[in-house]
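Here's the structure, in structure tokens; my notes come after.
Only a predicted model underlies this, so the values are computations on that prediction, with no experimental measurement involved.
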Amino acid sequence: METLVEISQEHTDLLVRASKSVGRKFALRFPAMEAEDIASEVTLRALEEWRTFERKLSQAADHGRTEYEVLHLLLSQRASKYCGEQSYAYQMNSATAVYTPKEVRAILRESYYNPDAYATPSKSDQHGVAVDHKDLWVNLADIKAALDRVSDKTHDTILAAFGPEDVGLAEPERWSVDRAVAALTQELNRHLGRAHDNGPGSRRATSNACAQNITYHQENAA
């Protein structure tokens, strides 16, 4: 029999706010997943482990942190594990590569503008998103095709940030590079469809206890 989670209204509000923030943060890192689904999953995991969470929140001041900061960190840890597992499982089951901004940035920095990376590679069984010079020919071709489809602004920002030093473009702001890499990653993953299509991060069912707990506090907050 499931047990109703005991959680105060204050902590409920913190959990809702922090889970939404974590969902948005990890949806940028894993573009094939929806922020709402990530937020829902980490909320469920928090409620399932609430006694542990509550103990750590009570110790927040001892470490010079707010309860929100500690909760955000705990949820981020769960989100990182969940998104990584979902992305890997999806790739294994569908034989479809899912790019992340971190991987795209690594390929751009280490290989895309490096002529040596385009040498004919040795035969390999790996055709996924493996940031390894031996297995990058598929990645390089994907990125080249995606760069042909993004806006001129995104293309020029990528070129200025990662291209040859003599390209003659001013160095862009960090936020501009982050945005361009995110746009390129989204274009790379455009063929995947989103998480509602049974892709990575499809939302799992909310347990009765968790649903009752969330509904109870929402009704009492009204």
Side-chain angles (χ1 to χ4, degrees), residues 21-35 38 73 76-195 199-201:
S21 174
V22 169
R24 291 191 296 268
K25 172 183 174 183
F26 279 86
L28 289 175
R29 296 185 185 180
F30 296 86
M33 299 178 68
E34 295 280 5
I38 298 170
L73 174 62
S76 293
Q77 291 171 343
R78 273 70 182 173
S80 179
K81 182 178 180 182
Y82 167 67
C83 292
E85 291 172 345
Q86 291 294 310
S87 181
Y88 178 78
Y90 181 70
Q91 291 183 56
M92 293 300 100
N93 292 333
S94 66
T96 301
V98 180
Y99 289 89
T100 69
K102 180 179 179 181
E103 290 163 339
V104 171
R105 184 183 293 269
I107 296 169
L108 289 169
R109 183 178 59 247
E110 302 296 337
S111 302
Y112 188 74
Y113 293 101
N114 176 9
D116 293 338
Y118 291 85
T120 303
S122 58
K123 184 177 180 181
S124 171
D125 292 331
Q126 297 185 30
H127 297 274
V129 189
V131 184
D132 182 311
H133 289 288
K134 293 185 299 183
D135 305 305
L136 279 175
W137 77 99
V138 173
N139 306 137
L140 294 171
D142 285 351
I143 289 180
K144 184 179 187 304
L147 278 172
D148 288 340
R149 295 192 298 265
V150 298
S151 68
D152 290 343
K153 182 178 179 180
T154 295
H155 181 281
D156 289 348
T157 301
I158 294 291
L159 180 60
F162 302 100
E165 293 181 1
D166 60 356
V167 72
L169 295 173
E171 184 175 350
E173 298 287 343
R174 179 175 178 179
W175 64 267
S176 180
V177 177
D178 290 343
R179 185 172 296 177
V181 170
L184 178 59
T185 304
Q186 289 178 341
E187 184 59 38
L188 279 162
N189 291 321
R190 190 167 60 89
H191 63 288
L192 291 177
R194 300 295 288 177

Q: Would you check if T100 and T185 make a side-chain contact, meaning some heavy-atom pair closer than 4.5 Å?
A: no
Q.
If you compare all heavy atoms of V22 against all heavy atoms of S76, which two are closest, and at what distance to 0.1 Å?
A. CG2-OG, 3.7 Å
**Q.** Nearest non-hydrogen partners of A170 and A160, listed with the distance
**A.** O-CB, 3.6 Å
**Q.** D142 side, atom CG; Y99 side, atom OH - distance, nearest 0.5 Å
**A.** 3.5 Å
Q: For the pair Y112 and L147, evaluate side-chain contact (heavy atoms from CB on, under 4.5 Å) and give the outcome as yes or no after the intermediate values.
A: CA-CA 11 Å; Y112 188 74; L147 278 172; 3.6 Å; yes
Q: Please report the closest heavy-atom contact between D156 and L169, naming both atoms and the distance.
A: O-CD1, 3.7 Å
Q: Please report the closest heavy-atom contact between Y113 and F162, naming both atoms and the distance.
A: CD1-O, 3.3 Å
Q) Does CG belonging to D148 count more than 12 external heavy atoms closer than 6.0 Å? A) yes
Q: Could you tell me which non-hydrogen atom of A180 sits nearest to which non-hydrogen atom of T157, and how far apart they are?
A: CB-CG2, 3.7 Å
Q: Just jot down the salt bridge (Lys or Arg N to Asp or Glu O under 4.0 Å) partners of R29, sequence neighbours excluded, or say none.
A: none
Q) CD of E173 to CZ of R179: how many Å apart, nearest 0.5 Å? A) 11.5 Å
Q.
Within this structure, what is the CD-CD1 distance for the pair E103 and I143, rounded to the nearest 0.5 Å?
A. 10.0 Å
Q: Taking all non-hydrogen atoms of both residues into account, name the closest pair between C83 and F26 and its distance.
A: SG-CB, 4.1 Å
Q.
Can you confirm whether L140 sits close enough to S111 that some side-chain heavy atom of one is under 4.5 Å from a side-chain heavy atom of the other?
A. yes
Q: Determine, stepwise, if the pair K25 / I38 fulfils side-chain contact (heavy atoms from CB on, under 4.5 Å).
A: CA-CA 10 Å; K25 172 183 174 183; I38 298 170; over 6 Å; no
Q. Is there a side-chain contact between L184 and L108 (heavy atoms, below 4.5 Å)?
A. yes
